[in-house]
Trainee: 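Would you mind keeping the following structure in view while I ask a few things?
Bear in mind the structure is a predicted one, so any value in this text is a computation, not a measurement. Each chain gets a letter, A, B and so on, in the order the sequences are listed, and its residues count up from 1.
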Amino acid sequence: MDTKRNDDNDDVHRRCKCKKTKCLKLYCDCFSAGFYCYEACSCKECFNLRDYEDEVQESRECIEERNPLAFSPKIHSLEGGDKLMPNVQKHRKGCICKKSMCMHRYCECYKGKVGCWSNCRCEGCKNVHGMKGGGKCDIMIGTSIRESGLDQNEFINRFTPQDKNGGDLKSSMNL
DNA sequence: GAGTTTGAAACT
DNA sequence: CAGTTTCAAACTC
Ligand SMILES: [Zn+2]
Ligand SMILES: [Zn+2]
Ligand SMILES: [Zn+2]
Ligand SMILES: [Zn+2]
Ligand SMILES: [Zn+2]
Ligand SMILES: [Zn+2]
């Protein structure tokens, strides 16, 4: 896996201010997104630079061993779904918000502009992109929005994702 | 910019 | 796996 050049980092205005982790842990937004740190960062003792390519790669491999999906996009499209809504996007692991009601960027679902769903363990969810609906995911693949009688957000919340092989969702997502 | 709040990541 | 700690982003002032 290639680490992206810091010039690209500038494009999305990503920057970090890490102080204690040398920008070699997922805490660091630059490292987590596969970018090197660059001038706009104000990190201390940064090792997330091309000069320390080996250290970066070593840390990546260590983290990937722990979690093979650590560097894959957290927001991803679910398989299946309604013909009219073929690409429902969700946060793979879901959030665990307890205090923010998923109304701020503290919530990774909200931050990713996707609704919460059955993988989320949030409390008092008020995510404007779609609230978690009581942990239910009872709309089966192939059901249309019209048939379900639900509005779009509620449909997405209750849509039951399924992989192409018809396998179990959790195993297909390595959860 | 400093201080607080928050929840993911890391650790045990 | 669950509980706790650590950490830096998001937020507030
Ligand atoms: Zn960093
Ligand atoms: Zn950085
Ligand atoms: Zn850095
Ligand atoms: Zn949330
Ligand atoms: Zn969520
Ligand atoms: Zn939520």
Trainee: Might you point out which heavy atoms bring Ile75(A) and Gln89(A) nearest each other, and give the distance in Å?
Mentor: CG2-NE2, 4.0 Å

Trainee: Grab the CD-C1' distance between Glu65(A) and dC11(B) for me, whole Å please.
Mentor: 16 Å

Trainee: Calculate the interatomic distance between Met103(A) atom CE and dG7(B) atom P; express it in whole Å.
Mentor: 12 Å

Trainee: Take the protein atom NZ of Lys74(A) and the nucleotide atom P of dA8(B), then report the distance between them rounded to whole Å.
Mentor: 8 Å

Trainee: CG of Asn67(A) versus P of dC1(C): gap in Å, rounded?
Mentor: 12 Å

Trainee: Nearest whole angstrom, please: distance from the P of dT4(C) to the NZ of Lys98(A).
Mentor: 13 Å

Trainee: Sequence neighbours excluded and cut-off under 3.5 Å, please list the side-chain donor-acceptor pairs for residues 100-114 of chain A, or say none.
Mentor:
{"unit_1": "Ser100(A)", "atom_1": "OG", "unit_2": "Cys102(A)", "atom_2": "N", "d": "3.4"}
{"unit_1": "Glu108(A)", "atom_1": "OE1", "unit_2": "Lys74(A)", "atom_2": "NZ", "d": "3.1"}
{"unit_1": "Glu108(A)", "atom_1": "OE1", "unit_2": "His91(A)", "atom_2": "NE2", "d": "2.8"}
{"unit_1": "Glu108(A)", "atom_1": "OE2", "unit_2": "Lys74(A)", "atom_2": "NZ", "d": "3.2"}

Trainee: What is the distance, rounded to the nearest whole Å, between atom CD1 of Ile96(A) and atom P of dT5(C)?
Mentor: 17 Å

Trainee: Would you classify Cys28(A) as touching base, sugar-phosphate or nothing, given that sugar-phosphate means primed atoms plus P, OP1 and OP2, and contacts are heavy atoms under 4.0 Å?
Mentor: nothing

Trainee: Round to the nearest Å and state the distance from Leu26(A) atom CG to dG7(B) atom P.
Mentor: 19 Å

Trainee: Should Lys111(A) be listed as having a side-chain N or O under 4.0 Å from OP1 or OP2 of dA10(C)?
Mentor: yes

Trainee: The side chain of Asp29(A) lies closest to which of these nucleotides: dC7(C), dA8(B), dA9(C)?
Mentor: dA9(C)

Trainee: Lys44(A): which residues meet the side-chain hydrogen bond (donor to acceptor under 3.5 Å, both in side chains) condition with it, sequence neighbours left out?
Mentor: none

Trainee: Toward the 5' end of DNA chain B, which comes first, Lys17(A) or Phe31(A), by nearest nucleotide?
Mentor: Lys17(A)

Trainee: Measure NZ/Lys20(A) against C1'/dC7(C) and give the value in whole Å, please.
Mentor: 8 Å

Trainee: Examine distances only and state if a side-chain atom of Ser72(A) and a backbone atom of Leu69(A) form a donor-acceptor pair shorter than 3.5 Å.
Mentor: yes

Trainee: Please confirm whether Phe47(A) and Phe31(A) have ring centers closer than 6.0 angstrom.
Mentor: no

Trainee: Which nucleotide in the list dT6(B), dA9(C), dA9(B) gets nearest to the side chain of Ser100(A)?
Mentor: dT6(B)

Trainee: Return the nearest nucleotide to the side chain of Tyr27(A); candidates are dG7(B), dC11(B), dC7(C).
Mentor: dC7(C)

Trainee: Would you say Arg121(A) reaches dG7(B)'s phosphate, i.e. side-chain N/O to OP1/OP2 under 4.0 Å?
Mentor: no

